[in-house]
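Note: hydrogens, waters and symmetry copies are ignored here, and every other heavy atom, side chains too, is used. This chain uses plain numbering: 1 for the first residue, then up along the sequence.
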Amino acid sequence: MRGCQVEERVLRRIRRQYGIITRAQALADGMTKAQIDHCVRTGDWVREARGVYRHAAVPSTPMSRLLAACMAHDGLASHRSAAALHGIEGFKLDRVELTVPPGKRPSMAGVRLHQSSLMRLAKPTERQGVPCTGRARTVVDLASVVTYKQLERVIDAVLRDGLLRPSDLYGVLATHARRGRQGCPALRTALDDRLGDAPVPLSEWSRMVEDLLIGSGLSRPRLEYRICDDAGALLAQVDLAYPAHRVAVELDSVRYHLNRESFVSDPRRRNRLTVAGWKVLSFTWDDYIDCPKALCDAVAAACISPRHS
C-alpha cells in the first residue's frame, strides 16, 4: 500500500512540473535511491541534467527544459525567458536564460547563465510553475541584451498593458543602478525619453525611497511620521523617519516645494526639528535617481552619528 502512495505522490509532482522531477524531490516523496536508479536505468526517466529527470512518457517542451534548467542550476528564469513567462509582448519561449548565483556553470546544452551576487534583488516570483525574476527586474535585464528600439517597445508594452507603473521602473532602476548593473544606462535613457518630466506622486516616491533604504541594509523607516515636542504638540510630519536615531528624511520636489508657501514654511519646520534634536536630511528626485548610493550612505551615517545634545 505504501508503495502505491509513494508512486502516486511522485506522479502527481511529475504532472505538475511538466514531466520534470529532481532526485531530491523523489527522495522526499518516499522513493529510495535504488528505485530512482532503476527508473533511470530502464529508461522510464530521462536524465536532463545531474539530479534532474524527465518522465519518458512526457515529451520535452520549451517549458520543461526551462524548469529543468532552473532546478539544475538553482536559478531563476530571466531576461528573454522571463519576459515570455510574464507575457511581455514581443517575446516567446524560444531560449533558456537564467540568473544564477556566482560560480554556477552550465550543465545543460543551450542554456545561457547570467551570474548575480544578489539574488534577492531579482524579486523572485513564479509564473506558470517556473521560478523567475520579477517583472521590473526583468525589464532591467532586458535592457542589457536587446537593442534600444526593442527596449522602447518593452517599456511601451509593460506600461500599456498595466504590467508595471512608471514608479516601478524608476524604483528598480535606482535599486540596481547603485550597483553598476548592465542595462541601467540604457533603461534610464529610455525612461527619460518615454516619460520626460511625468511626475511620480509623492506617496509613491516615499515608498520607492523606503525600498531603496531597506535594500541597502538599513532597517525599515517610518512613513509619514508625526514628530511632537515634549508637550505633545505637533512639530512636523516628515516623509520618512528613524525615530530611534531622531533622523528625518524629507523628499523635496519642484511640484510640492517650489512655491511661496513652502519657501517660507519649510525652513521654519526644519528649524523646529533641529532645535528638538532631530537630524533632517533633504533629498531631491535627482539624488534618488542619479546618486542612490550616496542617499543611502547619508542616511546610514546620520543614524550612526551621535545625536545633538
Side-chain angles (χ1 to χ4, degrees), residues 62 66 69 75-100 102 106 110-125 127 130 132-201 204-205 208-209 211-212 215 253-254 284-295:
L66 182 59
L76 302 171
S78 65
H79 296 71
R80 285 159 287 208
S81 293
L85 291 177
H86 284 297
I88 298 176
E89 184 179 330
F91 295 90
K92 58 183 180 179
L93 201 56
D94 58 358
R95 67 188 70 206
V96 176
E97 283 188 273
L98 307 182
T99 290
V100 298
V111 175
R112 181 176 178 181
L113 301 184
H114 303 269
Q115 297 190 7
S116 174
S117 59
L118 286 172
M119 295 292 287
R120 61 182 174 80
L121 282 182
K123 297 293 180 68
T125 186
R127 297 287 296 177
V130 177
C132 65
T133 52
R135 286 173 178 165
R137 167 61 179 267
T138 297
V139 175
V140 176
D141 289 338
L142 287 173
S144 69
V145 297
V146 302
T147 67
Y148 187 77
K149 284 293 185 184
Q150 288 173 317
L151 178 59
E152 288 182 313
R153 289 196 289 269
V154 167
I155 294 173
D156 285 340
V158 297
L159 294 177
R160 180 192 65 238
D161 296 340
L163 300 178
L164 292 169
R165 302 165 300 172
S167 58
D168 296 321
L169 294 172
Y170 276 115
V172 75
L173 177 63
T175 302
H176 289 75
R178 71 182 194 276
R179 305 180 191 281
R181 184 172 186 80
Q182 288 185 345
C184 286
L187 180 58
R188 171 66 190 277
T189 300
L191 286 177
D192 288 346
D193 289 346
R194 171 69 166 73
L195 301 174
D197 294 325
V200 173
E204 283 196 58
W205 187 17
M208 292 156 66
V209 173
D211 289 341
L212 186 68
S253 67
V254 172
T284 64
W285 176 257
D286 286 344
D287 292 324
Y288 170 79
I289 202 67
D290 291 327
C291 310
K293 184 178 185 303
L295 186 158

Between [X] and [Y], what is the shortest heavy-atom contact and its length?
| X | Y | answer |
| --- | --- | --- |
| Ala174 | Pro292 | O-CG, 3.5 Å |
| Arg127 | Cys132 | CG-SG, 3.5 Å |
| Ala82 | Ala77 | CB-O, 3.5 Å |
| Ala143 | Gly183 | CB-O, 3.3 Å |
| Cys184 | Leu173 | O-CD1, 3.5 Å |

To the nearest 0.5 Å, what is the distance between [atom1] ([X]) and [atom2] ([Y])?
| X | Y | atom1 | atom2 | result |
| --- | --- | --- | --- | --- |
| Leu142 | Leu187 | CG | CG | 10.0 Å |
| Arg153 | Arg160 | CZ | CZ | 11.5 Å |
| Asp211 | Thr175 | CG | OG1 | 6.5 Å |
| Leu212 | Leu295 | CG | CG | 6.0 Å |
| Leu151 | Asp193 | CG | CG | 10.0 Å |
| Ile289 | Tyr170 | CD1 | OH | 6.5 Å |

Subject >> Side chain Ser81, main chain Arg95, donor-acceptor under 3.5 Å >> reply: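 Yes; judged by distance alone, with no hydrogens or angles, the pair exists.
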Original post:
Between the main-chain N or O of Thr133 and the side-chain N or O of His86, is there a donor-acceptor pair closer than 3.5 Å?
Top reply: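 Present.
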Subject >> Criterion side chain to side chain contact (heavy atoms under 4.5 Å, CB included) on Val139 and Arg135, from CA distance to verdict >> reply: CA-CA 7 Å; Val139 175; Arg135 286 173 178 165; 5.9 Å; no
Original post:
Hey, is CD on Glu89 packed in by over 12 heavy atoms from elsewhere, all under 6.0 Å?
Top reply: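 No - once you tally the heavy atoms of other residues, nucleotides and ligands closer than 6.0 Å, there are 12 at most.
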Original post:
Which residues pass the ring pair (Phe, Tyr, Trp, His ring centres under 6.0 Å) test with His114, sequence neighbours left out?
Top reply: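 In terms of ring pair (Phe, Tyr, Trp, His ring centres under 6.0 Å), with neighbours along the sequence ignored, His114 is linked to His79.
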Any [X] side-chain heavy atom under 4.5 Å of [Y] side chain:
| X | Y | result |
| --- | --- | --- |
| Pro124 | Met119 | no |
| Phe91 | Thr138 | no |
| Arg80 | Glu97 | yes |

Original post:
Of Thr99, Leu85, Val145, which meets side-chain contact (heavy atoms from CB on, under 4.5 Å) against Ser78?
Top reply: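 That would be Thr99.
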Original post:
Listed by chain and number, what are the side-chain contact (heavy atoms from CB on, under 4.5 Å) partners of Ala69, not counting sequence neighbours?
Top reply: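 So Ala69 forms a side-chain contact (heavy atoms from CB on, under 4.5 Å) with His73, Val96, Leu98, Met108, Val111.
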**OP:** Show your working on side-chain hydrogen bond (donor to acceptor under 3.5 Å, both in side chains) between Thr284 and Asp287 and close with a plain yes or no.
**Re:** CA-CA 5 Å; Thr284 64; Asp287 292 324; 3.2 Å; yes
Original post:
Any ion pair linking Arg165 and Asp168 (charged N to carboxylate O, less than 4.0 Å)?
Top reply: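 Yes.
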